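Every heavy atom of this structure was used, including side-chain atoms; hydrogens, water molecules and symmetry mates were not. Treat the numbers as computed from the prediction; the structure is a model and nothing was measured.
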Amino acid sequence: MRGPHQVYGFLTTAPNAVVEPIHPKAMPVILMTDEERDIWMRAPWDEAKALQRPLPDDALRITMRGAEKEDRAAA
């Protein structure tokens with residue numbers, strides 16, 4: 001296919017204590033500052049890979065809980 005493409009990717013890491021009860025396998029890596037984003041985009045991998053870590057537990061909080069997940073494919 002020719003033309004512009006909208007693509008994305010994301011990097012995961014081990015979950016922190018807030019995410020682990022919800023998703024025990026992984027959580028997305030979240031860059032919180034302009035400096036972190038700049039390092040991720042410009043630094044050599046040896047420096048940037050240090051950003052692949054869970055956020056501190058106090059950096060996230062659950063704001064809403066819903067009902068059990070339902071399998072939309074089965075609906």
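For the side chain to side chain contact (heavy atoms under 4.5 Å, CB included) test, residues two or more places apart in sequence or in another chain that qualify with Glu47 are Ile39, Ala43, Pro44. Legend: residues meeting side chain to side chain donor-acceptor pair (under 3.5 Å) with Asn16, ordered by chain and number and at least two apart, are absent. Residues forming a side chain to side chain donor-acceptor pair (under 3.5 Å) with Asp34 (at least two apart in sequence, or on another chain): Arg37. Checked against salt bridge (charged side-chain N to carboxylate O under 4.0 Å, His left out), Arg61 has no partners two or more places apart in sequence or in another chain. Listed by chain and residue number, nothing satisfies the salt bridge (charged side-chain N to carboxylate O under 4.0 Å, His left out) test with Asp57 (two or more places apart in sequence, or in another chain). Under the salt bridge (charged side-chain N to carboxylate O under 4.0 Å, His left out) criterion, Glu36 pairs with Arg53, sequence neighbours left out. Partners of Thr12 by side chain to side chain contact (heavy atoms under 4.5 Å, CB included), not counting sequence neighbours, listed by chain and number: Phe10, Ala26. Scanning for salt bridge (charged side-chain N to carboxylate O under 4.0 Å, His left out) contacts around Asp58 gives an empty result, with sequence neighbours left out.
The two residues Leu31 and Trp40 come nearest to each other via the heavy atoms CD1-CB, 3.6 Å. Taking every heavy atom of both residues into account, Ala17 and Pro21 meet most closely at O-CD, 3.1 Å. In terms of heavy atoms, Ala14 sits closest to Pro54 at O-CG, 3.2 Å.
When hydrophobic side chains of Ile, Leu, Val, Met, Phe, Trp and Tyr are connected at separations under 4.5 Å, Val18 ends up clustered with Val19, Ile22, Met27, Ile30, Met32, Leu55, Leu60, Ile62.
The backbone N or O of Gly3 sits less than 3.5 Å from a side-chain atom of His5, completing a donor-acceptor pair.
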